[in-house]
Amino acid sequence: MKITKFSALILSLFFVFMACETDDNVILTKPEAQFKLLSPGASNINLNYNLPDNPALTIVWEDELTAGSGGYMVELSSDNDFESPMVIGSSPSDSFTMTVAEFNSTVLGAGADAFEPFTVFLRVTSGSLVSNSVSFSVSSYSEAAPVVTSPDGSFNLVLLETTPTDTAISMSWDDPDFGENSSVAVNYEVQFAAGGTNFETIVAENAGAETTLEYTHEAFNEVVLNAGLAAEEAGDLDFRIKASIMMEGGNMERFSEPVNITVTPYSVELAPILYVVGAGAVDAGWSWDNPIELPLQGTVYSGNINLINDAFRFFTEATNWGSGLNYPYYTSVGYTIDSNLVNAMDGDSNFQFTGTPGEYFIQIDTEAKTITLSPPVVGPNCNFDQLWLVGAGTDAGWSWDNPVALPCTGNGTYSGNVTLSNDAFRFFSENTNWGSGTNYPGYQGNGYTIDPDLIDAMDGDSNFFFDGTPGTYLLTVDDINKTITLDPEQLTCEFEQLWIVGAGAVDAGWSWDTPVMLPCTGAGIYSGDVALTNDAFRFFTVNSAWDSGINYTTYEGLGYTIDSVLLNAMDNDLNFFFDGTPGTYTITVDTVGLTITVE
């Protein structure tokens with residue numbers, strides 16, 4: 001088909017006509033005016049307590065209806081239906097901002113648990129107009145401090161030494177901002193201080209994640225005394241709860257309000273002497289004229305006592321009947337008591353001795369909590385046969401090859417000549433046992449008066465340090481009077497001690513592992529306790545040196561008078577032989593009077 005120019009013109013005019021007709025029927029409309037809250041840029045907000053004044057939330061909206069003529073109110077809800085919305089602020093413009101601290105309080109007030117994600121819904125109102133809502137997740141931090149729920153300020157406690165393991169106090173507290181299913185780790189610490197001191201000096205106990213803490217009488221007594229309250233007196237004690245949360249920006253700490261309670265602690269100081277009075281202690285009787293005195297050495301009371309089958313009691317103060325400690329007292333505080341001592345079941349529940357009447361060595365060990373009876377001790381009485389010195393400040397050095405022995409030379413007294421240089425050393429109660437050491441603060445803390453030339457080394461172990469003129473001194477440790485002294489060297493014996501080795505000396509045997517020592521106890525006198533049996537032994541002047549031995553015939557040839565129970569063993573080495581009743585005896589070698597006695 002061929003279209004001519006004329007036909008094309010007609011067709012063009014048709015389209016123009018139709019186009020004009022269509023334009024006449026088109027209606028152009030504008031979008032409806034709206035009041036719209038725009039979605040925030042973040043869907044999760046973590047509030048940082050270290051930046052409380054920083055902006056935490058900024059929302060904006062479009063208002064094409066009122067143009068802000070009536071102002072705006074911002075509402076928050078924990079549900080999309082806004083059943084109970086909170087008005088959290090207002091704005092005259094089309095935006096609203098809250099700081100971290102403001103928004104944190106708002107979210108907690110809406111029901112959030114601290115540090116747990118919580119979904120919030122926001123919308124804006126202007127008069128009767130309500131915008132759409134937006135939502136996002138917020139993690140808040142805790143603001144409320146822990147709250148002590150028990151005990152309260154009316155609590156009054158008298159601590160009892162006789163019920164050491166019973167519960168004395170139970171404490172509990174709440175942490176309001178945290179839910180039951182909280183995943184954040186909160187560490188609680190209970191802090192104690194003397195009342196009214198504003199926690200300047202604190203005694204603290206870590207409770208971990210628990211919100212309760214219990215103390216026994218014994219444990220709480222230690223806390224109260226450490227806090228500064230006086231024994232046997234009612235005093236004010238403050239306590240509070242510290243809650244800590246470890247965070248990257250630094251630990252977050254909160255403190256409860258302090259609670260003040262009244263506590264009467266008991267004394268844990270040991271009396272210097274324990275007195276025994278009673279008919280069972282036959283040398284004392286029920287009188288204060290001649291009480292048996294058991295001096296304290298370290299933590300042990302001990303001494304010889306004559307006992308018959310009758311009653312007696314211990315006392316902490318002479319002439320004070322009210323200071324008595326009877327049988328139930330010791331059992332109540334956990335002592336194990338010798339089977340020959342029972343409850344007298346008299347009106348005062350005294351001790352009753354039921355064994356064979358005679359002389360015994362009695363020990364009351366306040367640390368091990370034991371009361372024991374053993375054969376009487378003849379001669380010096382100490383908790384240990386000797387103390388040992390090891391350290392660069394002595395001839396021993398820091399080695400157990402040649403420790404310096406400080407023998408027991410009197411009741412509770414260790415004494416001997418020691419060569420000292422300006423360096424550190426320590427006392428030990430057991431040979432080769434590093435764990436048995438006692439350092440400078442150990443003695444100082446137990447009330448010892450220490451020679452001014454002996455100071456705290458201030459090294460990692462707080463050893464002793466000799467600060468005087470290097471040389472040899474008479475070093476004395478007195479566990480009864482609690483003194484450590486240095487005096488001029490005393491050359492009272494040729495050797496600091498003699499040594500006994502042999503099968504007749506039960507504790508030694510023919511070995512240098514555990515030789516029995518006879519310390520120099522006076523001018524030329526060596527004396528000490530030895531467990532003897534019917535066999536041979538020999539004296540030695542040097543530890544571990546067999547060639548330093550002195551046999552029976554040597555002493556005999558020097559003119560010594562030798563006890564009749566000691567014979568010539570008539571063996572190859574002409575050793576001594578014990579011919580008496582096996583038992584523990586005091587052997588004394590008097591190099592001045594030329595005697596060897598067994599008592």
Side-chain angles (χ1 to χ4, degrees), residues 146 148-174 188-195 202-242 256 258-271 274 299-301 313-317 322-339 341-352 364-372:
V148 175
T149 56
S150 177
D152 59 23
S154 64
F155 190 75
N156 191 325
L157 174 64
V158 177
L159 293 166
L160 301 175
E161 185 181 8
T162 52
T163 57
T165 59
D166 288 359
T167 299
I169 185 172
S170 298
M171 288 166 284
S172 59
W173 56 92
D174 289 334
Y188 298 104
E189 181 180 88
V190 185
Q191 298 183 337
F192 302 91
I202 292 173
V203 178
E205 177 82 13
N206 195 334
E210 300 297 323
T211 55
T212 60
L213 186 65
E214 285 189 351
Y215 280 98
T216 63
H217 281 257
E218 184 176 44
F220 199 55
N221 192 73
E222 182 178 356
V223 168
V224 175
L225 292 177
N226 288 339
L229 273 67
E232 313 301 341
E233 295 180 14
D236 288 340
L237 182 73
D238 290 338
F239 78 92
R240 67 184 181 185
I241 310 302
K242 174 185 175 182
S256 72
V259 175
N260 178 264
I261 61 177
T262 303
V263 185
T264 304
Y266 56 82
S267 176
V268 294
E269 290 188 8
L270 298 174
L274 203 57
T299 58
V300 179
Y301 296 97
R313 188 186 298 193
F314 299 102
F315 295 84
T316 58
E317 297 177 22
S323 70
L325 305 174
N326 61 6
Y327 190 94
Y329 163 80
Y330 281 99
T331 57
S332 67
V333 295
Y335 274 71
T336 300
I337 301 174
D338 193 286
S339 60
L341 298 174
V342 300
N343 190 331
M345 303 301 289
D346 51 11
D348 294 318
S349 295
N350 292 303
F351 284 81
Q352 175 87 19
I364 299 92
D365 190 326
T366 63
E367 185 172 349
K369 292 193 172 182
T370 58
I371 300 178
T372 56

Original post:
Are W173 and L213 close enough that some pair of their side-chain heavy atoms sits under 4.5 Å apart?
Top reply: yes
**OP:** Applying side-chain hydrogen bond (donor to acceptor under 3.5 Å, both in side chains), name anything that partners N221, two or more places apart in sequence or on another chain.
**Re:** none
**OP:** First locate atom CZ of F220, then atom CG of L157, and finally report the distance between them rounded to the nearest 0.5 Å.
**Re:** 6.5 Å
**OP:** Output all residues satisfying ring-ring contact (aromatic ring centres under 6.0 Å, His included) with F155, sequence neighbours left out; order by chain, then residue number.
**Re:** none
**OP:** Quick one: list whatever passes side-chain hydrogen bond (donor to acceptor under 3.5 Å, both in side chains) with E189, sequence neighbours left out.
**Re:** Q191
Subject >> By side chain to side chain contact (heavy atoms under 4.5 Å, CB included) - contacts of T264 (at least two apart) >> reply: V158, A234
Subject >> Interatomic spacing from CG in L160 to OG1 in T216 - rounded to 0.5 Å >> reply: 12.0 Å
**OP:** Mind listing the closest non-hydrogen atom pair of P265 and A230 along with its distance?
**Re:** CG-O, 3.4 Å
**OP:** Kindly indicate whether the side chain of T262, heavy atoms from C-beta on, has any atom under 4.5 Å from the side chain of D236.
**Re:** yes
Subject >> Heavy-atom side-chain proximity of N226 to F192 below 4.5 angstrom >> reply: no
Original post:
Roughly how far apart are N350 CG and F314 CZ, rounded to 0.5 Å?
Top reply: 10.5 Å
Subject >> Test side-chain hydrogen bond (donor to acceptor under 3.5 Å, both in side chains) applied to D238 - qualifying residues, sequence neighbours left out >> reply: N260
**OP:** Could you tell me which residues satisfy ring-ring contact (aromatic ring centres under 6.0 Å, His included) with F239, sequence neighbours excluded, listed by chain and number?
**Re:** none
Subject >> Qualifying residues under ring-ring contact (aromatic ring centres under 6.0 Å, His included), relative to Y301, sequence neighbours excluded >> reply: none
Original post:
Which residues pass the side chain to side chain contact (heavy atoms under 4.5 Å, CB included) test with S256, sequence neighbours left out?
Top reply: P146, V148, R240, I241
**OP:** Not counting sequence neighbours, which residues clear salt bridge (charged side-chain N to carboxylate O under 4.0 Å, His left out) with D348? List them please.
**Re:** R313
Subject >> Euclidean distance, I261 CD1 relative to I169 CD1, rounded to 0.5 Å >> reply: 4.0 Å
Subject >> Check: T212 and S170 side chains under 4.5 Å, non-hydrogen atoms >> reply: no
Subject >> Derivation and outcome, side-chain contact (heavy atoms from CB on, under 4.5 Å), residues D174 and T211 >> reply: CA-CA 7 Å; D174 289 334; T211 55; 5.7 Å; no
**OP:** Can you sort out the partners of Y266 under side-chain hydrogen bond (donor to acceptor under 3.5 Å, both in side chains), two or more places apart, ordered by chain and number?
**Re:** none
Subject >> Qualifying salt bridge (charged side-chain N to carboxylate O under 4.0 Å, His left out) pairs, either residue in residues 213-233, two or more places apart >> reply: E218-K369
Original post:
Ignoring hydrogens and geometry, is there a side-chain-to-backbone donor-acceptor pair from S150 to S172 under 3.5 Å?
Top reply: no
Subject >> Pairs flagged by side-chain hydrogen bond (donor to acceptor under 3.5 Å, both in side chains) wherever residues 155-166 is involved - sequence neighbours left out >> reply: E161-Y329
Original post:
Rounded to the nearest 0.5 Å, how far does OG1 of T366 lie from OH of Y330?
Top reply: 9.0 Å
Subject >> Separation of S349 OG from Y327 OH (nearest 0.5 Å) >> reply: 10.5 Å
Original post:
With a 4.5 Å limit on heavy-atom distance, are the side chains of Y215 and M171 in contact?
Top reply: yes
